[in-house]
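These notes are about the structure you will find just below.
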2 protein chains.
Amino acid sequence: MFSKACEYGIKASIFIALSSYKGVRVSLKGIAKEINSPEAFTAKILQDLVRHDVINSIKGAHGGFEIEKTLISSIKLSHIVNAIDGDSIYSGCGLGLDTCDEDHPCPVHHKFKSVREELKFMLENTNLEELALNIKSGASFLKM
Amino acid sequence: MFSKACEYGIKASIFIALSSYKGVRVSLKGIAKEINSPEAFTAKILQDLVRHDVINSIKGAHGGFEIEKTLISSIKLSHIVNAIDGDSIYSGCGLGLDTCDEDHPCPVHHKFKSVREELKFMLENTNLEELALNIKSGASFLKM
DNA sequence: TTTAATTCGGATAATTTTATCCTATTTTTA
DNA sequence: TAAAAATAGGATAAAATTATCCGAATTAAA
Ligand code: FES
Ligand code: FES
């Protein structure tokens, strides 16, 4: 469904959010360990998220990644997915036609539309706060 | 959402179904032209679909691909997707955990589950007949 | 002011997906 | 029986994605 990059990006963001609530800044190394992802590749993805203002980075000793506490609840999964994979999941044609166009639909257009819109709605209505809290409470997990 | 291979596979199957209703066998060349796909790559995918008994192939002059008329309505999108992309869309974890496990869920598990199940339901309840008829009536299109 | 701990960014490599090419095989028809 | 029209399948190439490596820049602390 999502690219590896996007999967790592989502998991990293959740962990950063969780740590930010605790007031601790996390390093690339710590993130990669926690979400079980390749370190250097994860670095690229985090850079991307920084550029898209999803997370903040602080260079140098005692540096790391964080998210401003007050913003965590307003960051939606859709922001992360958009930053990394773009909007093709929502806007592109499920069968690869040049554009998804109501007036020139592919054979699965009407059937796919509702699924895609449910996905879109879900991504736009799920924020990092709730995901982080579920990790905190032990209701969900970031690896294995 | 789907791989290119899967997109081509779905479109090819629809076109083969449509042709089979008309009683004409279609060649690789004809298919690739109709669905705007690379010929040799499409050939590989069609071979796959033949091996998985989704379509039939007839070698030699006047050969080509076809689907037994009586079977068209019983072939579901899920058969095609499964043959080409496998079942990872349904069964795999959306965030790439080793397994999607209710007892060890990833942070998005519960939110994703319903989307994935709607997708699964849609694929399992959409057959080639209806898709082919929509092409026939001009209600949907296979390229551009 | 030096050192250590970091992120940043460019270059490169490995893997997977997508695509192409060419030959073999099968089948119909002339 | 020979030729032509097809699919089958192996080998290879191109492109995209995933992953690694290393030096540069930045910052805090000793
Ligand atoms: S045209 Fe294919 S999904 Fe809309
Ligand atoms: S555990 Fe991730 S989707 Fe079920």
Side-chain angles (χ1 to χ4, degrees), chain A residues 1-13 15-16 19-20 24-33 35-67 81 83-86 88-89 92 95-96, chain B residues 1-13 15-16 19-20 24-33 35-67 81 83-86 88-89 92 95-96:
Chain A
M1 186 91 88
F2 296 125
S3 66
K4 277 285 163 198
C6 200
E7 290 178 5
Y8 297 149
I10 292 171
K11 289 190 276 194
S13 298
F15 180 58
I16 296 167
S19 301
S20 296
V24 301
R25 203 173 273 166
V26 284
S27 68
L28 167 63
K29 193 173 289 187
I31 294 167
K33 197 171 186 182
I35 70 173
N36 194 32
S37 66
E39 209 173 300
F41 188 43
T42 306
K44 302 298 185 193
I45 298 158
L46 293 176
Q47 283 173 36
D48 221 16
L49 291 174
V50 169
R51 272 184 233 110
H52 281 84
D53 295 312
V54 175
I55 62 180
N56 286 119
S57 71
I58 295 91
K59 280 185 174 182
H62 279 233
F65 298 88
E66 64 183 17
I67 306 178
V81 173
I84 301 174
D85 280 355
S88 58
I89 285 193
L95 290 190
Chain B
M1 185 90 90
F2 296 124
S3 66
K4 277 284 163 198
C6 201
E7 290 177 7
Y8 297 150
I10 292 171
K11 289 189 277 192
S13 298
F15 179 59
I16 296 168
S19 301
S20 296
V24 301
R25 204 173 272 165
V26 283
S27 68
L28 167 64
K29 193 172 290 189
I31 294 167
K33 197 170 187 181
I35 70 174
N36 194 33
S37 67
E39 208 172 300
F41 187 44
T42 306
K44 303 296 185 194
I45 299 158
L46 292 176
Q47 283 173 37
D48 221 16
L49 291 175
V50 169
R51 273 184 232 110
H52 282 84
D53 295 313
V54 175
I55 61 179
N56 286 120
S57 72
I58 294 92
K59 278 187 175 183
H62 279 235
F65 298 88
E66 64 183 16
I67 306 177
V81 173
I84 300 173
D85 280 355
S88 58
I89 286 195
L95 290 189

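A, B, ... follow the sequence lines: proteins, then strands. Residue 1 opens every chain. Reckoned from all heavy atoms, side chains included, excluding hydrogens, waters and symmetry mates.
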Q | Range on DNA chain D touched by chain B, heavy atoms, distance below 4.0 Å | A |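 From 5' to 3', the first and last contacting nucleotides are D/dA5 to D/dA11.
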
For residues [X] and [Y], determine if any side-chain heavy atom of one lies less than 4.5 Å from a side-chain heavy atom of the other.
X: B/L28; Y: B/E39; value: yes
X: A/I35; Y: B/L95; value: no
X: B/N56; Y: B/I16; value: no
X: A/I89; Y: B/M1; value: no
X: B/S13; Y: B/L49; value: yes
X: B/Y8; Y: B/P38; value: yes
X: A/I58; Y: A/R25; value: yes

Distance in angstrom units between [X] [atom1] and [N] [atom2], rounded:
X: B/I84; N: C/dT17; atom1: CD1; atom2: P; answer: 13 Å
X: B/E39; N: C/dT18; atom1: CD; atom2: P; answer: 19 Å
X: A/E66; N: C/dT6; atom1: CD; atom2: P; answer: 14 Å
X: A/I16; N: C/dT7; atom1: CD1; atom2: C1'; answer: 12 Å
X: B/L28; N: C/dA19; atom1: CG; atom2: C1'; answer: 13 Å
X: A/R25; N: C/dA5; atom1: CZ; atom2: P; answer: 17 Å
X: A/K29; N: C/dT6; atom1: NZ; atom2: P; answer: 8 Å
X: B/Q47; N: C/dA19; atom1: CD; atom2: P; answer: 16 Å

Can you tell me how far [atom2] of [Y] sits from [atom1] of [X], rounded to the nearest 0.5 angstrom?
X: B/T42; Y: B/Q47; atom1: OG1; atom2: CD; value: 11.0 Å
X: A/K29; Y: A/K33; atom1: NZ; atom2: NZ; value: 9.0 Å
X: B/K4; Y: B/I45; atom1: NZ; atom2: CD1; value: 10.5 Å

I'd like a list of close polar pairs between nucleotides 10-12 of chain C and the protein, N/O only, cut-off under 3.5 Å.
{"unit_1": "C/dG10", "atom_1": "N7", "unit_2": "A/K44", "atom_2": "NZ", "d": "3.1"}
{"unit_1": "C/dG10", "atom_1": "O6", "unit_2": "A/K44", "atom_2": "NZ", "d": "2.5"}

**Q.** Qualifying residue, where the test is side-chain contact (heavy atoms from CB on, under 4.5 Å) with B/F65 and the options are B/S20, B/S27, B/S57, B/S19
**A.**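 It is B/S57, the one option of B/S20, B/S27, B/S57, B/S19 that forms the side-chain contact (heavy atoms from CB on, under 4.5 Å) with B/F65.
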
(Q) At less than 4.0 Å, is any side-chain N or O atom of A/S57 found next to OP1 or OP2 of C/dT6? Yes or no. (A)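 Indeed not, no polar side-chain atom of A/S57 lies that close.
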
Q. For nucleotides 22-30 of chain C, read 5' to 3', which letter fits each nucleotide if B means a protein heavy atom sits under 4.0 Å from the base, S means only the sugar-phosphate is that close, and - means neither?
A. ----BBB--

